[in-house]
Structures are given as C-alpha cells and as structure tokens.
Amino acid sequence: MAPIASASEDPDPEPQHDYTEGASALDINNAVANARRARSNSQYSNYYDYDEEGEGSTFAGPGHTVNPSSVSRMSRIELGRRSSDMLTRSRRKSMDSRRSLSRTSSRHAEQQSLLTGDDRSLEPGDQVFDDDDDGLSTTSTRRRQRKVDSSPPRGVFGNIANLFSRQDQETPHRDRRRSLSQSSIGRHSRRSRRSFAASENAPVSDDEEERWGYSSGEEDSEDEGRAADNSSIAPSMQYDSDHHSIEEGNPHLPMLDFDPVFGGESRIDMEMSFTLTEPPPDGPPSRQTIYIADEDSTVRFIGYEAVRWRSLCWNCACVLSFGLLALVGHWFPRLWLRWVAREKAFINSKHGFVVVESAYRAIMTLPVRVLDYPFPITTVFPATLPITSGLPLLKPSKEDYDETTGKLKQLHILDYRYTRFAVDPRTGLFTLVRDWRDPAATTVASISQGLTSDTHQQRQLLFGKNEIEIEAKPTWTLLVEEVVHPFYVFQIASIILWSLDDYYYYAFCIALISVASIASTLIDTKKTIARMREMSRLVCDVEVLRNGSWEELPSWDLVCGDIVNLSTSQMSIVPADMFLLSGDAIVNESMLTGESVPVSKSPAKDDTLVAWKDEKVENPKSFLYGGTRIVRIRGAMTSDGKGRPALAMIARTGFDTTKGALVRSMLFPKPIGFKFYRDSVRFIGVLAGIAAFGFCFSAVQFVRMGIPWHTIIIRALDLITVVVPPALPATLSIGTSFAISRLRKAGIFCISPSRVNIAGKINVCCFDKTGTLTEDGLDILGIRPLDRNVNQFSELMDDIHDLPMGNQKATFLHALATCHSLKKVDGELIGDPLDVKMFEFTNWTLEESRAGIGNIKAKGAVVEQAQLVQVVVRPPGGAAFRLEDALKGAAKRAYFLELGVIRTFEFVSALRRMSVIVKRLKGSSMEVYVKGAPEVMTDICDPDSLPQDYDDLLAYYTKRGYRVIAIAGKSIEGLSWLKAQRMKREQAESGLRFLGLIIFENRLKPGTAPAIQALRAAHLACRMITGDNPMTAVSVARECNLISQAAHVFFPTFQRGNASIPESKLQWTCMDDPLWELDDYSLKPLHPPRHHTVDEDEITYQDYSLVVTGDVFRWMLNHAPLETVQRMLVKAQIFARMSPDEKNEVVERLQALGYNVLMCGDGANDCAALKAADVGISLSEAEASVAAPFTSSTPDVGCVLEVIKEGRAALVTSFSCFKYMALYSLIQFTSVTLLYYFASSLGDFQFLYIDLFIIIPVAVTMARTLPYPRIYVKRPTANLVSRKVLTSIIGQVLITSGVQVWAYLWVRRQPWYSPPPSSPTEGDKLESLNYENTAVFLVSCFQYILVAAVFSIGPPYRKPMWTNGWLMASMGSLFVINTWLLLRPSKAVAKLLTLIELPSSGRTSLLIAAALNVVISLAFERWGTGIASDVLARVAYLWNLGGRRKAQEGKAYKAVENGLQ
C-alpha cells in the first residue's frame, strides 16, 4: 500500500512553446473559460466530479488539495482504467530494470508534466474532446474515466440464442484488462509504499464520461465534453477526508458475493452514488482509502455498526411491504445504510461491518472478524511506524494490544475478495497482511533452519492455508441473487399482473421461459464455479523442514518461511511462491506470460532477501512463481563431490501467490461499459415516459366511459409491460454470443465477451514484429567475421567450416558456441530460439556440467556459493570434459578442445546484451564473450577493433529487414575462478574486441502483407511496436506495406545531450536522405534539399512517417513539449527498441489521445501491452488466456481482421436488435392505445402470438447474419442519440402508427362494420372481439416482420439480409402465416385469436395497406432518413445549436491530425 499520488514541486521553467497554434480566438477564449471554471469547481476537491446529471461525488468532503501541474500526466494511472496487473511487472521484472525505472520515475517526478504547465489558465491537456465522429466519450489527456459495465444478464434471449447456435458457448465472465506494467509516476508511488495503510491518500480524478460511449464516423455525438480539473488528496494522510468513486457496472459471476443473499456486492447498474457529505465521527479513523498493488485498484473502507432498534424497524417494514423494501435496499445499499447503520471506527467495531467500495462504485458489506492472536505485534505489523505527517497515532486498547510486552491479544481482520486486511491497533487503520515480511529473514543462512510448530501455527492463523479455494455458493443463494436482478423482478411483476388480468396462457409461457432462462444461467454458473475451482486447486506432497527435521506434508499446510526440499518433493507444479535457495531449476512460466520458452532459475543471494524484506520486491531470476510448471529441478554438487538437494523458502501462499492473483483477476475483472448500454437504459426510460403519456390519453376515455378505477390501474401497469418488454435488455447480448461462437470456430478464443463490441470501434492496430508480423523462428543467413588485414568485414559465410580460427584466444567460433543461456533437458536444447539457432549453426555439442560448488570468500568468510562450471561445449568428436582439467593450469598440453562456461551475466533488456566468462580446457586464461544489439557494442568495444564499414554494413542489413546480432570478446590472462565470480558486470563488459556479426533472416508470415493491406485499405492506422533495430523494423514495415514504399521516414537522434539529460535536443532526419529534416517542435518537414523534386508545401500528411526508439520515446515523455509528444504519437508508425514497459506505455499514450487500440503480439514481453490495450490478441500457443482477452490458435495476424469484422457485426447486431425491440414495443403500444380508446385491448393469444411466435424467432435470427467479408472505411454507428438514429426510429414509428390509425378509422367507415358491445369489460378484462381489434392486429403482424427487414442492417458491416437463412426462413414463414390469417384463417384459429371474419374486399384492402407500408418504410429508411437528418443538421446550425460547440468537440488525436495537415 502506498500513497496514491503526492504533490511534487514545480519544475524549473522550460522554454515556452505556442500551444495555441492553429486555434482561433474563439477557441482560446472558450478554453480559458473552461479552465477557470474547472479550477473553481475543484476548490473543494473531489475525488470525482459531479456528472452531467448532477450526481454527487462519493465521500465528498474536506481535506483535498489541487494537484500541482507536475503531477498531472497523460499516463492514465487511474483507479480502474490504468490496468496494471503487477503479476509480471512487480513480480517478474529484473532487479536492474527496477532500479533504472525507479531512478527514471524519481527524476520524472521533478520535471514538468507533459500535459500541464505552471500556467493553468490555458492547457491543451485540459481540453476534453468529444468524439464527434466516434461518439466514444471523452478522454483526451485525462487519467481516469468513469466506466459503466453494462453487460446485460443472460436472460430469455441470451439463452434462447443458444438454441440457434451450432455449438455450446462458454462465456466465462472474466476480463484481462489489466496490464503488467505501470508508467513512471505509478512506479514511483508504488515503489514507495509503506507497511501501513495511507488513510485517504487518494488519487486524482477525471471526467465523469464513460470510456465506451460511442458513435460512428458519420454521426454527430450529442454529448458535450466537460473539462474536469485534476485534484488529489493532500499527502498528509488525513483519515477524515473523503473521495469519490467511479461507477461500476455489473460483474457477472454471482459466486463472487460473500454474503449469502443481500449482503453481497451490488450488481445493479442504476447510476448509484454512495456519497458521504458529512464529516466522520470524532475518534479513531472510520474511513480509509487503500491501494491494492497487484490488482492495481483502489478501494474505500468505511466502518459501520448496525443500530439495533433501527434494524428492527427496517425488518418490520420489509415484512409489511412484502419484501419490496428489502429489494430496494439491495439495489440501493446507501438507503439501507442510512436507515439502519451508523459510522463506527474500525478498531472499535466489535460486532460491526465495513462497507468496501471499489473504484467502480461496487459496494460490499463485509463483517470485521476478531481473532484471538496472542503473538507479538511484529508478526503482523512493522515494529516501528515510519514518521508520516497526518498519520494518527492512537492509545491502543488493552483488549487488543499490550504495549509493555509488545504482544497482541486480539486481531481485527477483514477478508475482501480473498485478500486479508488487519487493523493496526497503533493507528486504527487497515494494512494488507501479505505485505508483512519476516524481519529476521535477511540472509540465506538465517532462514535455512526452517520453522517451529508454534511459528507455523501462528502464520497459518494469520495467512490461512496454502490453497486457492474458491467459495462455492449454494444453489438457493445463486437462485435468489439471480431472481432479485431488476430484469427478473420486472418479469415476475409482469407475470403477476398478467395473471391478475386473466392472461394465464401468456403469463404461463413467459414464466416457463423465465424459469428455463434462470435454470440455464444457474447451470452455467455452477459449471463456471466447478471449472474455476478445478483449475485453481492444487494439492501435492512436499518435504518440509519443521522443528529441525524433515517431514512430508500436504502442500496446503505450507506457510511463509517454510523450507521445502524440491529434489524429493513429488510435484510437477510449484505449489506456492518461493525463493530458490540452492540447486537450480527450469520452469515453464507460460501461465504468466504466454511464452512457452522455459526459464532457468538460480539460487537467491542475501541481497535478494534483503530487497524482498525492505523493498517488497523479488528477483525473478531466483523466484519460483506459484502455478508455474516444473521442467527440471536439480540439486547442487558440493566441492567434495557430494550432492546437495535443491531447497526453497516459501514466500507467499494461497491467494497471495502469483497464481492466486491471476485467479482473483479472473473472478473480479475490471468492468468495461459502453455508452450505448447507458443510452439504451435511458431510452427505455423514454419508452416508459411514452407509456405514461399514452395511458393519460387513454385514461381520460376510460373515466368518461365509467371504467372502474382498479381496471384503469391494471391497464396502466399493463401498458408499461407493453412499451418496456421484459426481454428487451437480453437482446443486447445476442450478437456478441453468436460472434464469440463464430470466432471459436475460426480458432480465436475469447475470455472477455465485452471486448467483442469494443473491437468494432478499433481505429489503431499495433503489432509486435518478431513472431507476429514475421516468422517466430529465425534462420541464420550467415556470419560476417572481421578481416583484420584490411580492417573490414569479410564476405558473408553461411557455413561454419569457412570461418578461420585465427591465433587469438577470444575467437568468433568460441563466442558462438558459448555465449548463450541454453540448457539441455532429456537430450533437447531449451532456451531462446535465437540462441538455439546460433548454437546449432556451430555443430558443437552441449552438456550441462555436474561439477561441484565453489565458495566465494570475502575477508576469509564464505559469502556466496556458485557452481564451478555451468555448461560444457565441445566440437564434434570432442572428449568428455573433466572438472580437474578446468581448474588446473597449463601444465599439460590440451589434446581436445573443450570450453566450460564459468559464469553467465543474463540478458537484461535495459542493457540489450548478455555475456559469459569461459575457460578453455587446460588454458591459462579465461575469455569474456558478449552478445547483444550492434548499437550497444560501440560503447563497450575498443574503437580500433571496430571495422571501417561497421555502420555501412549494419545499415545495409537492417534496411533489408535482417536481424543483426553483434559479438565481441576479450581474453584475461591468469583470471582465476574466484576472481571471475567476484568480477562485476561492468568490468567484464568493457575493453572488448569486436569479433563479428550474426545475420538472422526473419521472413514475413504469409498472411502478414494481405492483412496489413486490408487494414490500411479500411483506413485503420497500423503501428509496429518492437524491441528490434529501427532499420530492421522500417524494412519489415515497408515489406508488409505497413509504411508506404514511397513514404519518407524520419528518425530522431540526439543532436545535443542524451536520453538522461533534460536539456537535450533532438534532430529528426530522413532515413533515405540525411539532409532532409523535421522541425523539432511541430514535427513538420522543413524545406527539402534542392535535389528533391517536391516542394515543402507539397508534402502531405500521408507522405511521411516517424520511427521512434525507446530512449527517445522516454525522453520525449519526460521532457518534450506536450504538443510535440502528441504529434509524435499520432505520426509515429514504428516504435523500435522498446522494452516491455515502454510497449505498454505506447498503448496507453495512444489511448489517452482518444484512440481505441488493438494490440497483437505473441505473449512474453507483450503481455503488458496486450492487457492494457482495448482489444488484446495473443498469438501464443501457450496458456495465453492470462495474457490477453483474445487468443488465436493460428499464429497469424489475419485473426485481427476476423476480430474486427466480428466486433463490428456484433455492434451493429446489438444496435439493430435494440432498435427492432424498441419499435416492436411502440408498434404494440400504438395498437393497444388505439384499442384503449373504446375500452378494448388485444387478446391473450394475440399477445402470445406476437411476442412468442413473431418477435422471439425474428429477434434471435437477426443476430445470425455473418460479418461482411471486407472491412469498411468507417466504423459502425452506435450512438442512440444521433440524428440519423433518432430520425430513423421516429420516422418508422410515424409510418407504422399512421398505417394502424388508418386501419382503425377505415374499418369504422365500412358498411359491414358493427360497433363493439356497450359493456366493454368483464371484471378487469377488456373485450377483444371487435372489428377494430381484428384490423389493427392483422396490420401490425405484418409490421413486426417489416421493421425486422428495415433494421436488419447488411453491408457494409454485415452480409446482406438474404444470406441469413435462419432469418429469411423465419420472416418467410411468418409472412405466409400472417397472410393466411388475413385472407383465409380456420375457424378454430380465428376463435383462438379472437378474430372477426372480414369480407374479401376488406381483407384485400388490409393486404394492400400492409404492402404499401413495406414500400414506404423501406424507402424512408433508404433515402428519407438521410434527407431528414441533413435538414435537422442545417436547422441546428442555423439556430447555433452546434456551431459554437463544434470547434471544441472531437477526439484529441483528431485535433493533432488537423494541426499536422
């Protein structure tokens, strides 16, 4: 836990830039006004703003201060949006990269923000842009957005849809939105966390707009953006200050609730706001904000205690209201809390509970448990509390803590989402239990004795068993949770109403469908629970050192600090997170990264344990992560030749392990909501308003006719069920269900259904290079050694036998054979594919050494032990390597060439190289070989060893797309084994002699070029984010047409300074013509050289592109002007030499500009970016379900096309189904309202025929239309409040209503018409047997089919309607049946449907009217909608409804693009 954000000092002034370039005076004045208004609004803080409905912020109160501009960044470090799983980043990142990142983030905290300057009167970063073309709600450069997960429950339609699918669909509700890395400020704040909870140290807020509201490229958004000023809690830990919460939608697994029935997490998306405006009570703290690092989430704790007399009154009121009050209290927990409970301090809450509010406004009530805990306070909390301003220090109660002995008596704990918190009696605040570290665990020797039984008992009481046991709720609890959802409550109320109205058949059918839907949902939920429990459960026998002796115990009995014997334990999967203390291990960590290449582990050192204790970080090179698969465990050999088992120390257990964190991330995904869903709910509200209006119209006539009041009330409620059909919310998930089924058949698996619709709004596609765009395996084209005679490279050699040996001790061949990290398991080489190819090129053989252990001494004491020889390599036909030969001098001549690797410096992404120290058999010296990127070799090699044509040859190969690796080495005479082990990496990797280059051929995958061409033809921006050389990346990009062959590519270099100096200056030069440059601020081309035939003014936006390297990218984020950074992000198409963190940063920066980003990679170092992207697609064949929401079994980027096409089709389907259901309701509403005018209504079986036999088949089969085979240049419309959509719906309502009104009036004017009986009611039931009913019903039956055809949108997002066989069959058969009912129905059917026989002329007239209705509706949808929409747009413009606002709307990237053009 750490302070979320802290204020940093204003940076030194930097050169000012004109941020108003291209803005009009009106724009500037409006921006200034918005900034002033935002500042005034933020004076009272607010963890979140008030939204447009005026909803209050959560926990609004005093204690907030406005963040200085240096803290406000475009880094999207937000409560919910920032997605940082921490599973690989904080648990797997190398120690070197951690330190470098810490230094970077510390330095960055002192520099000026990219988004805000010292002058806050006009800041481009503060402008919020509404996407007028996209409709995706604003997120210009803000860090947080409120999100609404509006995934509807699978109800009637969701389950019936399965009947039409060809395959069972499993859609576990899991989300992989979180990334594995964080931006610099996030790293800084989280690395500085303390062992106590920071009360109310809350993060900054953002605008209230959801991220996922959207409209199309051709639609105008009706939502107006608001700029919200950043604010944060002061860093003084004021425990009585408040914050707001972000709205959360409905996570879908009912099993996640902790309380049996009503005490669980609120799952209802009702715009609920949980606001406490009053100050907290005096005394110990009762409110606290806690940051949970491995979930990257911030939660709010508020202590409460139920008042007995209030609870009694509430229970009585619930009984008297027949449970309605309890239902309302379940939907609105704030109401229940206000009535029943009062706020209470955590430490004093003996029988109380804590309200836990997540960052998405999901609320849980959890009891505070009190444990008898007679153990020292240092076994849970730190011995001393760091001095922190504002941290309350209490006088502990004697019931809880004895200060004289330092022992606790009882411990207050809280279990939230399988994470345990404990209250520190000295502060009264909660602390994460898993953050505790054993203060005595500082050296390997100090922990090697294991634990005693008493210590084991204490730690098991505190941490629980080492098991990931998911709670399995009883069926009745799941049933109650499902039934109390508003969807089913509305259905139950409707069924009761229909039963009271004698609509027994219809009520029975709807009840039957509802029961089937609930049963299907329960079965699916139980299956999901069983599958999750089976996946997470692991029990094996482990040999544990307990009380000084080895015991074989089950793995669930392990606790932190236990010493286990890996060599003798029977396990294939690591049962807990643990440090390797001796021996070595090879594990497959694909569960974490999606990368199936096994990873080697080496024993931990003392400084590793110190870092674990003090800094709460682990060294991944010696850390075995729970849930990873063991490839090999091998003990160590001592110097006397005896074996020593592989030992490990347990570091984390149960849900606190890496696997536990993954399971928690699947159980509790971060919700992602579409604005479309929110608009649909509001649209339903509008329909309800229409129902009220229609009833008021009818009620006047009812009263005039003397209808009884109880009948009028029943008719009013019945009209609501007509206008708001119970099946309406379920239709939104039909398209997604079919899309997931089709993707599964194509070998693309989705574990996050909500991402399917998001895929329909993608406008930027990012790709990794190696393994994604190009083939995964590299083939060696050849090697280029040096010709020392002319100080140049020799010719390309594709056969190792052509390589001359030379007389140097450090040779190219020996470097190829030894400079790698390969292992051999069961006769197979395991390691990086590049290393495997390089070693196989030499034709040598490899054998892992069984040499003993050597002692590394300092001042006479053994400080460390290491293996004498790690790996032995020999040429073909070489003799076996003997240990004693490696340690002797050159007393005898070596008859056989054998090399032993004495020490390895692993590859570090920040250094971009690895190295080994090698000893030759019977040699008197040792050699150091280094392998890495060619760019870094110039810094560590002697300049005189580099050939003259180094840069030219490197450029030659990289420009043609080859992967180039450089090799260097040196010989150190008289270097002993002990000195080699003590040697620092900087010493080994310096003063090297360059040896040569290895050229790898990385071919494009066959499907890459067509896929990229299709994406670019659809006007989807493509980006390459790779760790490879920029020259190689540009070559591959041009080969696959990601960059046009004719486009000029500009590359940045430091003209002055370097990446670590803020005052550095960049120079952007054309890669094809170094004389041509860009302006370093505007990033626009300067005047081209004279030999260019094109003028500066003729260079268009598409004619040039940028390539950016990781060091330049990081420098620009930290020190470049905001506008330059934004233009770089928009124009750069290639990001080269990017580390995993930087890949993630690129994705998030693009999202901050308003892009909807798709990331496609092959796992491993792409995991962070895959999880951070709006849509992540993993091409890994490993267990990549953890790595990304989508996983393709075919490692080809063609899957991107399929995901986008299916996403667009699903989006259009959801939209079409909603429009169809809305119009169906209004058509039926028109029919019922007309009949209400003379106290008539539709019959029971008429309702049944319409709702069950027409609507359900049509609505379900509409979703089966396949996606269009080609991606259209514009994204689909999905904004319910756009002019075109409203024009379409209103127009169709007017047309269909007009036809029904005509039929109603026409039938009354016919000579054969007879009026209905004067007594229209029998009890509460209205008479349905009359001519008006027959005419209106028969016409409306055709209209239900008609609107399905009108709203079945085909090209350009889906195939034509006639290709959907299911839909055409449904519509055709229904048309035939309706025609039969109109022209010649049987007497039995006519009686059942209460139809009156019409003369043949009347039937013909109605058939002609239905045909004219079809023609008019189709013509209006084809031509009239556009014309009417354009007229409305002109009217709006003339009335200045959109003119002034228009200048400020749009996504941030659109404004940047306009500035570049």
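Only heavy atoms go into these numbers, but all of them, side chains included; no hydrogens, no water, no symmetry mates. Just so it is clear, the structure is predicted and the values come from calculations on it, not from any experiment. In this chain, residues are counted from 1 in sequence order.
- Put simply, the side chain of R1358 gets close to the backbone of I1353: a donor and an acceptor are under 3.5 Å apart.
- I1204 CD1 to L1015 CG: the interatomic distance, rounded to the nearest 0.5 Å, is 5.5 Å.
- Between the side chain of S1297 and the backbone N or O of L1294, no donor-acceptor pair lies under 3.5 Å.
- For P1356, the side chain to side chain contact (heavy atoms under 4.5 Å, CB included) partners at least two apart in sequence or on another chain are Y1272.
- Between I762 and V1200, the closest side-chain pair of non-hydrogen atoms is not below 4.5 Å.
- In terms of heavy atoms, S1352 sits closest to A1348 at OG-O, 2.5 Å.
- Across every non-hydrogen atom of A1263 and I734, the tightest pair is CB-CG2, 3.0 Å.
- Minimum heavy-atom separation, A1210 to V756: CB-CG1, 3.8 Å.
- Evaluation of the side chain to side chain contact (heavy atoms under 4.5 Å, CB included) rule for A1132 yields L1106, V1108, M1128, F1135 as partners, not counting sequence neighbours.
- For V1299, the side chain to side chain contact (heavy atoms under 4.5 Å, CB included) partners two or more places apart in sequence, or in a different chain, are V1339, Q1343, N1413.
- The shortest non-hydrogen separation linking A1209 to P1267 is CB-CB, 3.7 Å.
- Here the side chains of I690 and S1225 are not in contact, with every heavy-atom distance at 4.5 Å or above.
- A salt bridge (Lys or Arg N to Asp or Glu O under 4.0 Å) check over residues 1202-1221, counting only residues at least two apart or in different chains, returns the pairs R742-E1206, E1202-K1205.
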Item to check | side-chain hydrogen bond (donor to acceptor under 3.5 Å, both in side chains) between S1429 and T1287, intermediate numbers included | outcome: CA-CA 6 Å; S1429 177; T1287 302; 4.9 Å; no

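- Across every non-hydrogen atom of T1265 and N1364, the tightest pair is OG1-ND2, 2.9 Å.
- S1288 and T1425 form no side-chain donor-acceptor contact under 3.5 Å, judged by distance and modelled atom types alone.
- Contact between Y1304 and V1336 at its shortest, heavy atoms only, is CB-CG2, 4.2 Å.
- Using a 4.5 Å heavy-atom threshold, the side chains of K1131 and L1083 count as separate.
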Next on the checklist: For S1082 and R1127: C-alpha separation, side-chain torsions, deciding distance, then whether side chain to side chain contact (heavy atoms under 4.5 Å, CB included) applies.
Outcome noted: CA-CA 7 Å; S1082 67; R1127 293 185 176 203; 3.4 Å; yes

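- A distance of 4.5 Å separates CZ of F1351 from CG of L1223, quoted to the nearest 0.5 Å.
- Remark: of the listed residues V1130, V1125, L1129, V1130 is the sole one forming a side-chain contact (heavy atoms from CB on, under 4.5 Å) with V1456.
- D1174 has its side chain out of reach of Y1155: every pair of non-hydrogen atoms, C-beta onward, lies at least 4.5 Å apart.
- Inter-residue side-chain proximity for T1296 and F1342 is flagged as unmet; no heavy-atom pair is nearer than 4.5 Å.
- The side-chain heavy atoms of V1258 and Y1220, taken from C-beta on, include a pair separated by under 4.5 Å.
- With sequence neighbours left out, Y1224 forms a ring-ring contact (aromatic ring centres under 6.0 Å, His included) with Y1344.
- The side chain to side chain donor-acceptor pair (under 3.5 Å) search around S1231 returns Q1300, not counting sequence neighbours.
- Taking 4.5 Å as the limit, every side-chain heavy atom of N1156 sits out of range of all side-chain heavy atoms of I758.
- Annotation: the span from T1233 atom OG1 to F693 atom CZ amounts to 9.5 Å, rounded to 0.5 Å.
- Contact annotation: the side chain of L1211 never approaches that of Y1357 to less than 4.5 Å [non-hydrogen atoms, C-beta and beyond].
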